[in-house]
Chemist: 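This is the structure I want to talk about, given as structure tokens.
Hydrogens, waters and symmetry mates play no part in the numbers below; they use all other heavy atoms, side chains included. Predicted model only: the values in this text are computed from it and were never measured.
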Amino acid sequence: LTANPKPVMRALYEFLQEPYFEHDFTHVKQITQENDSWHGMYGDHKIREQIRPVADDFNEVLGKNLADKIREDNAWFYSTFYPDMA
């Protein structure tokens, strides 16, 4: 969806047998506000304005401090499944 939003959305509308609505994938508005404190420290409901793939590097996506905190809080998981990252 994020790599090819227009063809994916066209296929979805076709599957649903609905007329296609022309979306603007470069100016997505955040019309809802979530209380991220309810979802814990990992909650993030900010909508990016432009539809595009997310970076493949979790340090870039989450920020180094949060990525380090997640690794620290889940050391057992990383030492078991990703020993190079522990």
Chemist: Considering all heavy atoms of both residues, which atom of Ala3 and which atom of Pro53 are nearest to each other, and what is their separation?
Modeler: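 So the minimum-distance heavy-atom pair works out to CA-CG, 3.8 Å.
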
Chemist: Let me confirm one number: the CZ-CD distance from Arg10 to Glu22, rounded to the nearest 0.5 Å.
Modeler: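 Interatomic distance, Arg10 CZ to Glu22 CD, rounded to 0.5 Å: 6.0 Å.
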
Chemist: Between Ala55 and Val61, what is the shortest heavy-atom contact and its length?
Modeler: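 Ala55 and Val61 have their closest heavy atoms at O-CG2, 3.3 Å.
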
Chemist: Please name the residue in the list Thr26, Asp24, Thr2, Val28 that meets the side-chain contact (heavy atoms from CB on, under 4.5 Å) test with Gln50.
Modeler: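 When side-chain contact (heavy atoms from CB on, under 4.5 Å) is applied between Gln50 and each of Thr26, Asp24, Thr2, Val28, only Thr26 qualifies.
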
Chemist: Parallel, tilted or perpendicular: which fits the ring planes of His23 and Phe21, with parallel below 30° and perpendicular above 60°?
Modeler: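 Plane angle over 60°, so perpendicular.
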
Chemist: Tell me whether the rings of Tyr13 and Tyr20 are parallel (<30°), tilted (30 to 60°) or perpendicular (>60°).
Modeler: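 Tyr13 vs Tyr20 ring planes: perpendicular.
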
Chemist: Just wondering, are more than 12 heavy atoms of other shown residues or ligands nearer than 6.0 Å to CD in Glu14?
Modeler: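 No, because the 6.0 Å sphere around CD of Glu14 holds 12 heavy atoms or fewer from other groups.
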
Chemist: Whether the side chain of Glu72 engages the backbone of Asn74 through a donor-acceptor N/O pair (distance < 3.5 Å, no angle test) should be reported.
Modeler: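 No: the side chain of Glu72 does not pair with the backbone of Asn74.
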
Chemist: Take Leu62 and Lys69 through the side chain to side chain contact (heavy atoms under 4.5 Å, CB included) test and state the conclusion after the steps.
Modeler: CA-CA 10 Å; Leu62 301 174; Lys69 177 76 172 137; over 6 Å; no

Chemist: Could you check Leu66 against Phe58 for side chain to side chain contact (heavy atoms under 4.5 Å, CB included), going step by step and ending with a plain yes or no?
Modeler: CA-CA 10 Å; Leu66 180 55; Phe58 61 87; over 6 Å; no

Chemist: From Ile70 CD1 over to Asn65 CG, what is the distance, rounded to the nearest 0.5 angstrom?
Modeler: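 Spacing of CD1 (Ile70) from CG (Asn65) equals 11.0 Å.
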
